Number of protein chains: 2
Amino acid sequence: MFSKACEYGIRASIYIGQQSANGRRVGLKDIAAEIDSPEAFTAKILQQLVRAQLVASVKGPAGGFELTPEQLRTVTLRQIVVAIDGGAMLQGCALGLPQCSAKQPCPMHYQFLPIRDQLNELLRTHTIGELASKVHEGLGFLKQFS
Amino acid sequence: MFSKACEYGIRASIYIGQQSANGRRVGLKDIAAEIDSPEAFTAKILQQLVRAQLVASVKGPAGGFELTPEQLRTVTLRQIVVAIDGGAMLQGCALGLPQCSAKQPCPMHYQFLPIRDQLNELLRTHTIGELASKVHEGLGFLKQFS
DNA sequence: TACATACCGGACAAATTTGTCCTTTAATTT
DNA sequence: AAATTAAAGGACAAATTTGTCCGGTATGTA
């Protein structure tokens with residue numbers, strides 16, 4: 001569905017959000033450990049998100065990553081996905097036709113449309129803050145433990 | 001959504017199906033031209049589908065690829081997708097958790113479930129033969145032309 | 001000011017996906 | 001049987017994704 005980078009990006013954002021809701025800023029090492037992702041690679045992805053202003057960062061001692069209250073409230077899953085994977089998978093043709101549309105639809109065009117629409121809606125209507133509180137309440141997990 | 005290989009595989013299968021419904025066996029060159037895909041790469045993908053017995057092939061002069069009446073009737077989009085991309089994208093967790101389930105769900109687990117179910121159902125309930133006739137009737141296209 | 005901390009950025013490396021080329025194998029035709 | 005046709009298969013190459021490493025830069029502290 002999403003790229004590895006995107007999966008890490010989403011999980012990281014949610015974890016940062018969860019900690020930010022508690023006033024805690026988190027470092028890269030902590031994040032990678034908590035979401036079970038490769039540290040250096042996660043750093044690259046966070047850089048992208050910071051540049052896209054979906055996540056905030058502070059350098060130096062006691063620095064790290066955080067979500068501002070505004071970001072917690074407004075940043076959606078969709079923005080994270082688009083920042084990392086681009087919009088192709090949320091718009092493109094399932095069969096890869098470059099100009100697939102009602103004008104010249106691929107044979108699955110009208111069948112895939114509602115599913116893609118739902119996916120877009122799903123990503124658009126869920127904020128990082130909302131998902132973070134779900135994790136905080138123990139209703140969702142960002143890594144598995146046995 | 002799907003890999004390039006899978007997109008080519010689906011388009012190729014549908015084109016072969018459309019021609020087979022008319023009793024025509026088609027060669028690789030013809031297929032690649034009609035679905036606008038790289039010839040040699042398409043060959044590899046068709047080999048996979050032939051091995052998985054989702055497409056039939058005949059060597060030698062007047063040989064080529066075809067779908068048997070049985071294949072036209074029974075092979076589903078889902079079988080093509082699984083043969084090429086594997087089942088991961090049709091089952092795995094959207095956030096990449098290896099053991100995501102109701103036991104320890106990712107924060108999006110229950111939101112993604114219905115969408116994934118619909119996607120599975122969509123792929124499961126559409127046969128290549130059905131899609132081929134759609135193309136045959138001009139209701140769907142496998143490549144774009146202006 | 002010096003030092004320690006932690007993100008930033010670029011270069012590099014490994015793995016996977018995408019794509020090509022060429023030889024072999026099977027089938028048909030002459 | 002020989003030649004021709006077309007898929008099968010293996011090796012290789014390019015591109016992309018995934019992942020690592022390290023010096024630079026900003027920030028806080030002593």
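Here is the naming used below: chain letters follow the sequence lines, and residue numbers restart at 1 for every chain. Source: prediction; values computed, not measured. Both backbone and side-chain heavy atoms feed into the values below; hydrogens, waters and symmetry mates do not.
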Checklist outcome for this item: Here the distance between atom P of D:dT17 and atom CD of A:Q48, to the nearest Å, is 11 Å

Item to check | Rounded (10°) bend between the five-pair end axes of the helix from C:dT1-D:dA30 to C:dT30-D:dA1 | outcome: 0°

Residues 16-25 of chain A side chain polar contacts: donor-acceptor under 3.5 Å, at least two apart:
| unit_1 | atom_1 | unit_2 | atom_2 | d |
| --- | --- | --- | --- | --- |
| A:Q19 | OE1 | A:R24 | NE | 2.8 |
| A:Q19 | OE1 | A:R24 | NH2 | 3.4 |
| A:S20 | OG | A:I16 | O | 3.0 |
| A:S20 | OG | A:L67 | N | 2.8 |
| A:R25 | NE | A:E66 | OE1 | 3.3 |
| A:R25 | NH1 | A:A62 | O | 3.1 |

Pairs of donor and acceptor atoms involving the side chains of residues 87-112 of chain A, under 3.5 Å and at least two apart or interchain, shall be tabulated with distances.
| unit_1 | atom_1 | unit_2 | atom_2 | d |
| --- | --- | --- | --- | --- |
| A:S101 | OG | A:K103 | N | 3.2 |
| A:Q104 | OE1 | B:F145 | N | 3.4 |
| A:Q104 | NE2 | B:F145 | O | 2.9 |

Item to check | Sequence neighbours excluded, every pair satisfying side chain to side chain donor-acceptor pair (under 3.5 Å) that has a member inside residues 48-58 of chain B | outcome: none

Checklist entry - Rounded to the Å, how far apart are B:I45 CD1 and C:dT20 P? => result 11 Å

Checklist outcome for this item: Under a 4.0 Å heavy-atom cutoff, the residues of residues 72-93 of chain B touching DNA chain D are none

Item to check | Straight-line distance of B:I115 CD1 to B:N120 CG, nearest 0.5 Å | outcome: 12.5 Å

Acceptor/donor pairs from residues 124-132 of chain B side chains to any protein atom, 3.5 angstrom cut, sequence neighbours excluded:
| unit_1 | atom_1 | unit_2 | atom_2 | d |
| --- | --- | --- | --- | --- |
| B:R124 | NE | B:E121 | OE1 | 3.4 |
| B:R124 | NH2 | B:E121 | OE1 | 3.4 |
| B:R124 | NH2 | B:E121 | OE2 | 2.8 |
| B:T125 | OG1 | B:E121 | O | 2.8 |
| B:T125 | OG1 | B:L122 | O | 3.4 |
| B:H126 | ND1 | B:L122 | O | 2.8 |
| B:T127 | OG1 | B:E130 | N | 3.1 |
| B:E130 | OE1 | B:T127 | N | 3.4 |

Checklist entry - Taking the side chain from A:S133 and the backbone from A:H136, do they hold a donor-acceptor pair closer than 3.5 Å? => result no

Item to check | Set of salt bridge (charged side-chain N to carboxylate O under 4.0 Å, His left out) partners for A:K4, sequence neighbours left out | outcome: A:E7

Item to check | Reading 5' to 3' through nucleotides 1-12 of chain C, protein heavy-atom contacts under 4.0 Å coded B for base, S for sugar-phosphate only, - for none | outcome: ---BBSBBBBB-

Checklist outcome for this item: Those residues at least two apart in sequence (or on a different chain) that pass side chain to side chain donor-acceptor pair (under 3.5 Å) with B:D117 are none

Next on the checklist: Checking A:Y8 now: which residues fulfil ring-ring contact (aromatic ring centres under 6.0 Å, His included) with it, not counting sequence neighbours?
Outcome noted: A:F41

Item to check | Contact residues, residues 1-17 of chain B to DNA chain C [heavy atom, < 4.0 Å] | outcome: B:S3, B:K4, B:A5, B:Y8

Next on the checklist: Going by the rule side chain to side chain donor-acceptor pair (under 3.5 Å), which residues pair with A:E39 if we only count those two or more places apart in sequence or in a different chain?
Outcome noted: none

Checklist entry - Quick one: A:E39 CD to D:dG19 P, roughly how many Å, whole number? => result 14 Å

Checklist entry - Do B:I80 and B:L123 have side-chain heavy atoms sitting under 4.5 Å apart? => result no

Checklist entry - With no hydrogens and no angle check, is any side-chain donor or acceptor of A:D85 less than 3.5 Å from a backbone partner on A:S3? => result yes

Checklist entry - Is there a donor-acceptor pair under 3.5 Å between the side chain of A:K143 and the backbone N or O of A:A33? => result yes

